[in-house]
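The block underneath contains the structure these notes are about, expressed in structure tokens.
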Amino acid sequence: MIFLFIGKQDDHSLLISYYIAYNLTIMTDKFADIILPLAVRGRFTYMIPEHLSELIKPGVKAMVQFGSRKIYTGIVCRIHNDAPPYRNIRSVMEVADHVPVVNAKQLQHWQWVSEYYMCSEGEVMKAAVPGALIPAGETSAPLVEKYRPREETFIELSAKFSDEELNEILDRLVRSPKQSEVLTAYLHLTWYSPGSYVKPLRKSVLLKEAGTSQGIINSLVKKGIFSLVSLEVGRLRDYGNRSEPLSTLSNNQQVAYNSICSIFKRKDIVLLHGVTSSGKTEIYIHLIEEQLRQSRQVLYMLPEIALTAQIILRLQKHFGRVTGVYHSRFNDQERVEIWKRVADENPDTGYRLILGVRSSIFLPFNNLGLVIIDEEHDTSYKQHDPSPRYHARDSAIILASIHRAKTLMGSASPSIESYHNAETGKYGYAELKERYGSIKLPDIIIANTREAYRKKLMVSHFTPELMDAVDQALGRNEQVILFQNRRGFSPYIECPECGWIPVCTQCAVNLTYHKGINRLVCHYCGYSSAIPARCGNCMSPGLATRGFGTEKIEDEIKIIFPDARVARMDQDTTRSRNSFNKIIQDLEERRIDILIGTQMISKGLDFENLTVVGILNADNLLNYPDFRAHERSYQLMEQVSGRAGRRQKQGKVVIQTSDPSNKIIRLVLQHDYHTMFRMQAEERKSFNYPPYCRLIRISLKHKDKTLLNRYAGILGDDLKTIFSRRVLGPEFPLISRVQLWYIKTILLKIEKEKPAANARRLLYESIERLEKEKGATSLRISIDVDPY
Ligand code: ADP
Ligand code: ZN
Ligand code: ZN
């Protein structure tokens, strides 16, 4: 072997000496690229040692050393023979199992997400895979899986007693009537019949159903009648095998359905534009049925707050056991179980239909046939933080294309982007212009708050129009929703003498007054403080509340309508796992007359007795400084209105505003989406905003404002030499400081026609140059592609 060290030590011989030093065989020349849970760009290549060459394949977990002593678990994404151009290539230490955790289609999807959204594949992996499958940080122990199946104690009969034997046992128990009762209950609960197999019964069920105690069960165990076994149970709810027939589509729905099916023969993506309550969901259900018949999987995505018990029930009624649900309130262990059932190809045990939120695009689908994106315009599909800052709608389209599946997007007020794509023919288009049952869209009334204040007709924050509408609804025993897009009692408090406003100590944000907890709270970082007794500036006592949030509306409504049952739905009242569903159930079962809420109440809710909707302050939606503000206001108002009068009769909506002539409000009044689109599209075109260009936002954060200005200036100048007029900024955003970090942003506008990959590379290079600047280490840079 000595000859290997003779002559010039080129890379190759160094490699070889390295193997020898580490006592490995030089039989294999294969390498594995491994995705590690790191935010570092690029792939990490390792040698495959001989003894692992059989086990290693794309998708399996592998353990490797990184840096001088860190050990990570990652996922093998590629196996190849291209030796990397550097020395000292380490070997894979261990492989977890030969069953891939991730399939090839997922790896392909991750790669797209990482390239498009400019993040590492490791960051995508962290977002995609439950932590119990792949630890997000360093691994200390070897590849132990943190997922543990849940076990529960079950009760069995300790032997296969014959009928006579059981009778004897019961006879012997006459002097212990409680034990006898429990045994009888057990036999009932397990549907015992002589000679049949007796299924184990959960101990908890027996305790509850037989109203008995632990002690009695123990006595039966001691007597050799019962025995206890620990069995694996799933954490997930099983929806049973229900398969109610689908409802018959109305004529209009049938036309739309047929049109979607025929477009799918030519195109992969269809936009279903259907007014609220037109039966979009019914159409989805029919399409799902068709996919399941062909043994293909369906991903049905909806915004987190629209994923209610109501919709789950509506689907499981038809599809039963094959239906799985995925949202952010599941814990890690539950997420692993969902993961395994989505990957499970067995039609009896695996999921075929997944009802899920944004992150469900990362589940290990094995055979996707259709992706449905309901409320496709919804902003919650975009992840802001942390990276990957992906848009679930756009990423789902890619996922579908990888599976050669179709995508259906549905909305009553599509995003400008999607409607534009439908207009240009990139997407197919189907329309439902009428509500199911020909119920009219709600009657919209615009109430002028400025005038009502002037004429002294306001009752606290309510116009006479709204008061009347609520009063009448209550008189008819109908329900009301009041929408105010701010939580808390008042958005800020102020010194009436000098105008001083308490702000967060860490963010450039006014503190919101929360009356329930009697504190000022920062909605950006969660910081809270007591209410100052005096002004922090002029020391005068008594600060005044300004503006109003949901908490204040609740307070006032209770005073104005003392007999009404009032509830509130916002982030503050829905923190616990079931509180959200509880409120919805109360509304459904008519235990609530008036529900006050933030945009949480705008989506998906379908209640037959809900007839009046009030939008308390349309102004603060419209005045938000963002190029999408008008589009969003329209969508939100249309959507909130859509909750009114969905079943028997036409509903009524009162929009309160100080500017009744506002054009967006006029368009909501006429339910005129098309004109809204036309106006917005023209504006975007003339100012060059999406969908006419692509935006990339670069955020720089530093705790030192001067340094931030300096680095942002350097990057801005560098980018301007490359991209010239396509660069906007750097500038301080609306909220210019969060949690002690000052923020500056730079916006890049890239032409749609230009290859984006080139722009990304140039941007990366520019950022790398900045990172080499002296002192730039305490600077944080993040990139957001298609920011929302
Ligand atoms: P969307 O999804 O467009 O808001 P939905 O599918 O929720 O509309 O339909 C609104 C209401 O009308 C629901 O209560 C639904 O059950 C009912 N509905 C719609 N289409 C039908 C149908 N074909 N048969 C029976 N009920 C229907
Ligand atoms: Zn003051
Ligand atoms: Zn704060």
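Quantities reported herein were computed from a predicted structural model and do not represent experimental measurements. Start at 1 and go down the list; that is how both ligands and their atoms are numbered.
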- Query: R565 side chain to R590 main-chain N or O, any donor-acceptor pair under 3.5 Å?
  - Reply: yes
- Query: Is the number of heavy atoms from other residues, nucleotides or ligands within 6.0 Å of NZ (K515) greater than 12?
  - Reply: no
- Query: Quick one: does T276 get an N or O within less than 3.5 Å of an N or O on ligand 1?
  - Reply: no
- Task: Report the part of S247 in contact with ligand 1, treating N, CA, C, O as backbone and CB onward as side chain, heavy atoms under 4.0 Å; options are side chain, backbone, both, neither.
- Result: side chain
- Message: Under 6.0 Å from the ring centre and within 45 degrees of the ring axis: does the NZ or CZ of R358 meet both conditions for the six-membered ring of Y381?
- Response: no
- Closest heavy-atom approach to atom 7 (O) of ligand 1 among K280, R314, E608 is made by R314
- Note on the structure: among protein heavy atoms, the one nearest atom 13 (C) of ligand 1 is D606 OD2, 3.3 Å
- Item | Presence of salt bridge, R628 and E417, under 4.0 angstrom | yes
- Message: Geometry only, no angles: is L249 polar-contacting ligand 1 at N/O separations under 3.5 Å?
- Response: no
- Query: How close does the nearest protein non-hydrogen atom get to atom 20 (N) of ligand 1, and which residue and atom is it?
  - Reply: Q253 NE2, 2.9 Å
- Heavy-atom nearest neighbour in the protein, as seen from atom 27 (C) of ligand 1, with distance rounded to 0.1 Å: Y436 CE2, 3.3 Å
- Query: Got the closest protein heavy atom to atom 8 (O) of ligand 1, with its distance?
  - Reply: G279 N, 3.0 Å
- Item | 2.8 Å cut-off met by an N, O or S atom of C525 to the Zn ion (ligand 3) | yes
- Counting only heavy atoms not in N251, do more than 12 fall under 6.0 Å of its CG? no
- Message: With a heavy-atom distance limit of 4.0 Å, tell me whether D374 approaches ligand 1 through its side chain, its backbone, both, or neither.
- Response: neither
- N-O pairing of D586 and R591 below 4.0 Å: yes
